[in-house]
Amino acid sequence: MYSFQLFTALNYSNSERIDENEILYVVAVTMVVVPVVYFIRIKLVDKHVHGIDLDAMDTELQILKEKEELRKERQKLEERQKSLSKKM
């Protein structure tokens, strides 16, 4: 915001036009810059301050999903085995 005000103050010799539309430019720039900076901050804090490694978490979640699928498959096989043993 200060850069827009400084640019306007140095660029225009007519002091009546200062601070007319600068707030609109500031809002537009802020709407883009603030979320980008915030998401970068979150990633840095998670990784370096809290020691959270998102790739390791994704790998661990994938392993857990695979284990769950294998457990379900094992249950199905056990049920089939029980049903076959009853039929015999």
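Side chains included, hydrogens not; waters and symmetry mates left out as well; all remaining heavy atoms used. As the structure is a prediction and not an experimental result, all values here were calculated from the model.
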Atom pair CD1/CG of I63 and D58 - distance to nearest 0.5 Å: 11.0 Å
Residue list, side-chain hydrogen bond (donor to acceptor under 3.5 Å, both in side chains) with R74, at least two apart or on another chain: E78
Partner set under side-chain hydrogen bond (donor to acceptor under 3.5 Å, both in side chains) for E68, not counting sequence neighbours: R71
In one Ile/Leu/Val/Met/Phe/Trp/Tyr side-chain cluster, 4.5 Å: V34, I42: no
Non-neighbouring partners of R80 that pass side-chain hydrogen bond (donor to acceptor under 3.5 Å, both in side chains), sequence neighbours left out: none
Joint hydrophobic cluster, V33 plus I40, side-chain heavy atoms closer than 4.5 Å: no
Inter-residue atom distance L77.CG - K72.NZ, 0.5 Å rounding: 14.5 Å
